[in-house]
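Taking it in order: structure first as structure tokens, then the write-up.
Positions are given from 1 along the sequence.
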Amino acid sequence: MVILIKENHSFDNLFGRLRGADGTSTADVFGTMVRMPVTPDSLLYNIVHQPPQARIAVDGGKMDGFSKQPGALQHGKDVADTQFTRKQIPAYFAYAKYFGIADHFYSTILSSSFPNRFVLISGQSNHTLSISGVAPLMSWGCDAASSSYAQVDRNGTVANVRPCFNFQTLADEANAAGVSWKYYVPRPGHRGYIWSTFDAIKHIRYSSQWQTNVVPPSRFDADVKSGHLPAISWLSADLAFSEHPPASECAGENWTVQKLNELMRSPLWKHTVVILTWDDYGGFYDHVAPPVRDAYSLGPRVPAIVISPYARPHTIYHRRLDFRSIMKFVEDQYGLPQTMHYNRGVRSLGPMLNLHQSPRPPLIEKKLSCPSSNPGGPGYRMGD
């Protein structure tokens, strides 16, 4: 089981043009329908999409305020209301069509990476909303700079707290059941270290598993090659390959293709499930209003592609799912003890698989020649 997490794209931004899916090529810009231009391979900087800006974008379900988010206008153009074409991301379209994609899969929190990444390890955000003050250590966890703080909603009151928490995660459930796991993510000193979510879980960060189980993405390559990939893996790229603006989308897809080709060429492929998803909408337009659970949930749709020999072929799954659906599926698959505190009244993404079908052969994709880009260069402004 590999949970492959990329950054900052809505469903319509990547797959609005996918035939058969609930997508669109027109955007509602405050009541005016416009044809969505093509998203540049690299933006100048990030579109701010923390809770206040996400609320502006969603606009009470009207889904017409994306152009009002800070960073939406770049070089005088509205880049928030744009989308990629199949030609730009051919491998992603190929995976979606050959395997299966969910087109009503929502980010769980109406916000950015930090709280949604919590959901992707624990099924809940621990009431966190966002994080501030990343510099100078580029950390969102227990070793963050003293200026760093997480915003937490405590019964309607937002408080600032240190980004170091203790709550049960999927890793704890796996430990209790004797199921192996690793979180493959950039190490300190790399910009992608901010997505090292277990850095914010105190009992993991200050245990021996911080060294043995939270390891760089290069270890994923080695573990696949040796045939020793753990039962449960998370895989996250460094900034340049994360697809987080201003990073190149082409470079990000190439990185994903490399990892998946390695896996598909290995003996591990025959009993592997990869869930490829994006951790938040990134400020980009989506036309489907997210269902309202509370003030901060759900967030806009993001893509989720299930890649496996047992994925139901050519499937576009239309039922409602979110990041909790991944946690539920993993718990069910491995019979884990349910010590995480989250609402399990969600659908699992299990129906996107048929474990009794004849295994499907791998789909080896080619890497693209990418446009030149300069992630992290002048004009770089990441935010969350």
Side-chain angles (χ1 to χ4, degrees), residues 5 7-13 28-30 43 45-73 79-81 105-135 140-141 144 147-165 167 194-195 197 200 244-245 277-302 322-324 342-343 346 381-384:
I5 311 168
E7 283 288 315
N8 287 45
H9 292 282
S10 69
F11 187 89
D12 279 338
N13 178 245
D28 187 339
V29 182
F30 279 90
L43 301 186
Y45 39 77
N46 186 36
I47 303 169
V48 180
H49 52 284
Q50 294 189 6
Q53 295 79 29
R55 283 203 180 105
I56 291 171
V58 170
D59 192 18
K62 294 179 183 178
M63 310 303 286
D64 64 359
F66 292 81
S67 66
K68 295 298 183 182
Q69 299 167 110
L73 300 181
V79 297
D81 294 298
F105 188 100
Y106 297 87
S107 52
T108 304
I109 309 300
L110 183 64
S111 184
S112 46
S113 296
F114 187 70
N116 281 301
R117 290 256 178 172
F118 269 161
V119 182
L120 282 163
I121 66 167
S122 69
Q124 50 107 0
S125 68
N126 198 40
H127 307 292
T128 59
L129 305 178
S130 59
I131 193 162
S132 299
V134 173
W140 282 352
S147 59
S148 298
Y149 58 90
Q151 290 83 46
V152 178
D153 181 8
R154 293 175 172 168
N155 299 317
T157 300
V158 176
N160 296 331
V161 302
R162 288 282 298 153
C164 190
F165 304 91
F167 54 89
I194 57 175
W195 300 308
T197 309
H244 189 302
T277 192
W278 284 255
D279 69 4
D280 64 60
Y281 77 107
F284 290 105
Y285 180 79
D286 196 77
H287 79 281
V288 177
V292 177
R293 290 178 56 239
D294 55 49
Y296 299 102
S297 186
L298 297 170
R301 293 185 307 167
V302 294
D322 66 71
F323 294 139
R324 296 170 298 164
Y342 75 98
N343 181 359
V346 293
R381 195 172 72 214
M382 183 169 179
D384 183 7

Distance-only, no hydrogens or angles: does the Ser130 side chain make a donor-acceptor pair with backbone N or O of Gln50 under 3.5 Å?
-> no

Tyr342: what forms a side chain to side chain contact (heavy atoms under 4.5 Å, CB included) with it, not counting sequence neighbours?
-> Gln124, Arg324, Met327, Lys328, Glu331, Met340, Arg344

With sequence neighbours left out, the residues meeting ring-ring contact (aromatic ring centres under 6.0 Å, His included) with Phe165 are Phe118

Kindly compute the distance separating CD1 (Ile109) from OG1 (Thr128), expressed to the nearest 0.5 Å.
-> 7.0 Å

Arg301/Asp286 under side-chain contact (heavy atoms from CB on, under 4.5 Å): CA gap, chis, key distance, verdict | CA-CA 7 Å; Arg301 293 185 307 167; Asp286 196 77; 2.8 Å; yes

Hey, do the aromatic rings of His9 and Tyr281 have their centres closer than 6.0 Å?
-> no

Atom OG of Ser113 and atom CD1 of Ile194: how far apart are they, to the nearest 0.5 Å?
-> 7.0 Å

Would Trp195 and Arg117 satisfy side-chain contact (heavy atoms from CB on, under 4.5 Å), going step by step from the backbone distance to the final call?
-> CA-CA 8 Å; Trp195 300 308; Arg117 290 256 178 172; 3.5 Å; yes

CG of Asn46 to CG of Asn8, rounded to nearest 0.5 Å, is 5.5 Å

Do you know which two heavy atoms are closest between Gly283 and Phe66, and how far apart they sit?
-> O-CD2, 3.6 Å

Could you state the interatomic distance from OG (Ser10) to OH (Tyr106), rounded to the nearest 0.5 Å?
-> 12.5 Å

Check step by step if side-chain contact (heavy atoms from CB on, under 4.5 Å) holds for Asp28 and Lys62.
-> CA-CA 8 Å; Asp28 187 339; Lys62 294 179 183 178; 5.8 Å; no

For residues 287-296, tabulate all N or O donor-acceptor pairs below 3.5 Å that involve a side-chain atom, not counting sequence neighbours.
residue: His287; atom: ND1; partner: Asp12; partner atom: OD2; Å: 2.7
residue: His287; atom: NE2; partner: Asp22; partner atom: OD1; Å: 3.1
residue: Arg293; atom: NH1; partner: Ser297; partner atom: OG; Å: 2.8
residue: Asp294; atom: OD1; partner: Tyr296; partner atom: N; Å: 2.8
residue: Asp294; atom: OD1; partner: Ser297; partner atom: N; Å: 3.1

How would you list, by chain and number, every residue that makes a side chain to side chain contact (heavy atoms under 4.5 Å, CB included) with Asn155, sequence neighbours excluded?
-> none

The ring-ring contact (aromatic ring centres under 6.0 Å, His included) partners of Phe105 (sequence neighbours excluded) come to Phe323

State which residue, out of Asp280, Asn13, Val58, fulfils the side-chain contact (heavy atoms from CB on, under 4.5 Å) condition with Pro300.
-> Val58

OG1-CD1 distance between Thr197 and Ile5, expressed to the nearest 0.5 angstrom = 6.5 Å

Side chains of His49 and Gln69: closer than 4.5 Å at any heavy-atom pair?
-> yes

Can you tell if the side chain of Lys68 reaches within under 4.5 Å of the side chain of Val29, non-hydrogen atoms only?
-> no

How far apart are the closest heavy atoms of Phe114 and Ala150, and which atoms are they?
-> CE2-CB, 3.9 Å

Rounded to the nearest 0.5 Å, the CG atom of Asp279 sits from the OG atom of Ser107 at a distance of 9.0 Å

Heavy-atom side-chain proximity of Asp322 to Val346 below 4.5 angstrom | yes

By side chain to side chain contact (heavy atoms under 4.5 Å, CB included) - contacts of Val79 (at least two apart) | Leu43, Ile47, Gln74

Does a side-chain heavy-atom distance below 4.5 Å link Trp140 with Pro163?
-> no

Take Leu129 and Val152, measure what side-chain contact (heavy atoms from CB on, under 4.5 Å) needs, and give me the verdict at the end.
-> CA-CA 6 Å; Leu129 305 178; Val152 178; over 6 Å; no

